[in-house]
Amino acid sequence: MQSVTKASIQVEDISAQVVFKPVKNINLRIKAPGGDVHISAPRGAGMRRVRDFLFSRLEWVRRHQRKIRAAVPQKPSFPQDGEVYTVWGRQYTLLLVQRDKPASVKLREKGIVLSVRPGTGPEKRQAVLEKWFREQLKGAARDLTDKWSRVMQVQVNKIFVQSMKTKWGSCNMADGNIRLNTDLVHLRPECLEYLVVHELAHLLEPSHNERFQSIMDEFYPLWRKYRRMLNG
Ligand SMILES: [Zn+2]
């Protein structure tokens with residue numbers, strides 16, 4: 001078996017993972033949601049050629065990274081009064097309430113109410129809010145998985161919600177576990193639904209081949225639209 005060599009390079013502000021393997025041409029891909037740059041190159045290409053290749057595409061890479069990263073709405077660094085958060089694709093202004101009761105988060109028509117004990121610092125407020133985001137996503141993902149696993153006749157074991165830099169989600173066929181990126185809670189609910197159907201479809205077909213696409217066409221005809229939204 002021929003070996004695959006990996007390396008990483010940096011050209012100006014752009015860093016990339018390079019894989020040397022049996023391919024004809026140098027290929028460059030930018031992965032959502034983090035905008036990571038992946039290059040595959042023929043084994044004999046040499047770092048110099050890869051570097052020149054990346055250099056010639058820097059503007060293109062930057063433009064696409066901006067596009068991909070724009071899929072996730074900007075988040076304030078810390079929760080305080082008047083900051084704007086996006087939940088399921090809708091914007092809410094944060095109302096910070098300080099009272100001597102256990103911390104809570106409530107979503108109201110116009111705003112998101114974060115209630116903490118007086119004197120609670122920004123890190124703790126952040127942790128409370130992030131936990132609530134994860135719970136929202138987990139609840140919604142569980143409902144959607146119940147619905148779609150029945151429709152698609154597949155068996156899901158566990159759903160994990162976690163922060164992921166390079167993926168929106170993944171599915172482990174062997175154990176039937178699904179992992180979802182926490183940031184999905186900030187996007188339109190259809191994006192999550194598309195992703196759940198996508199990961200469930202992997203229980204029927206592991207790769208993104210034609211069969212996979214026809215499964216998606218059958219169960220979620222608008223999947224290409226939401227894939228574009230997620231991947232810029
Ligand atoms: Zn996939």
Side-chain angles (χ1 to χ4, degrees), residues 4 6 8 16-19 21-23 25-41 60-61 64-73 88-89 133-134 136-232:
V4 167
K6 292 182 181 180
S8 49
Q17 295 297 315
V18 187
V19 177
K21 58 184 186 182
V23 288
N25 303 303
I26 302 182
N27 285 302
L28 187 152
R29 281 201 308 156
I30 302 176
K31 286 197 176 174
D36 294 14
V37 182
H38 293 255
I39 295 174
S40 58
W60 184 89
V61 169
H64 281 258
Q65 281 185 332
R66 275 197 296 274
K67 233 172 155 183
I68 282 173
R69 289 171 182 159
V72 180
W88 301 127
F133 282 138
R134 277 197 303 280
Q136 297 309 296
L137 182 57
K138 204 158 189 183
R142 205 171 280 143
D143 292 347
L144 287 167
T145 307
D146 285 349
K147 168 184 160 187
W148 284 102
S149 58
R150 261 197 307 270
V151 174
M152 297 167 78
Q153 308 254 305
V154 290
Q155 194 79 42
V156 176
N157 186 19
K158 279 190 189 138
I159 305 166
F160 297 95
V161 168
Q162 59 196 78
S163 69
M164 299 164 109
K165 285 215 158 59
T166 58
K167 279 180 182 162
W168 284 114
S170 67
C171 174
N172 186 326
M173 292 188 71
D175 55 22
N177 291 343
I178 285 176
R179 280 164 213 283
L180 297 168
N181 188 319
T182 320
D183 278 336
L184 285 161
V185 72
H186 303 297
L187 309 183
R188 288 173 52 174
E190 294 91 342
C191 291
L192 173 64
E193 183 157 38
Y194 150 69
L195 209 77
V196 166
V197 177
H198 180 118
E199 300 310 340
L200 264 54
H202 277 315
L203 295 171
L204 301 168
E205 170 56 55
S207 66
H208 297 122
N209 57 11
E210 268 180 39
R211 181 165 175 259
F212 180 87
Q213 295 184 16
S214 67
I215 293 168
M216 291 303 293
D217 285 337
E218 181 188 344
F219 291 113
Y220 210 68
L222 286 176
W223 65 277
R224 285 185 179 83
K225 173 180 170 183
Y226 297 109
R227 185 182 61 176
R228 257 197 313 277
M229 272 189 178
L230 286 171
N231 297 334

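Atoms within a ligand are numbered from 1 in the order they appear, just like the ligands themselves.
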The Zn ion (ligand 1): protein N, O or S atoms that are less than 2.8 Å away, sorted by chain: His198 NE2, His202 NE2, His208 NE2
Taking distance alone, no hydrogens or angles, what donor-acceptor pairs closer than 3.5 Å link side-chain atoms of residues 173-182 to residues at least two apart or in another chain?
residue: Asp175; atom: OD1; partner: Asn177; partner atom: N; Å: 3.0
residue: Asp175; atom: OD2; partner: Asn172; partner atom: ND2; Å: 3.4
residue: Asp175; atom: OD2; partner: Asn177; partner atom: ND2; Å: 3.3
residue: Asn177; atom: OD1; partner: Asn157; partner atom: ND2; Å: 3.1
residue: Asn177; atom: OD1; partner: Lys158; partner atom: N; Å: 3.0
residue: Arg179; atom: NH1; partner: Gln162; partner atom: OE1; Å: 3.1
residue: Asn181; atom: OD1; partner: Asp183; partner atom: N; Å: 2.9
residue: Asn181; atom: ND2; partner: Met164; partner atom: O; Å: 2.9
residue: Asn181; atom: ND2; partner: Lys167; partner atom: O; Å: 2.8
residue: Thr182; atom: OG1; partner: Gln162; partner atom: O; Å: 3.0
residue: Thr182; atom: OG1; partner: Ser163; partner atom: N; Å: 3.1

Whether Arg29 side chain and Ile39 backbone form a donor-acceptor pair below 3.5 Å: no
His202 and Ile215: CA distance, side-chain angles, deciding distance, side-chain contact (heavy atoms from CB on, under 4.5 Å) verdict: CA-CA 10 Å; His202 277 315; Ile215 293 168; over 6 Å; no
Under 3.5 Å: donor-acceptor pair, side chain of Trp148, backbone of Val196: no
Plane angle bin for His186 and Phe133 - parallel if under 30°, tilted between 30 and 60°, otherwise perpendicular: perpendicular
Side-chain (Arg211) to main-chain (Leu204) donor-acceptor, under 3.5 angstrom: yes
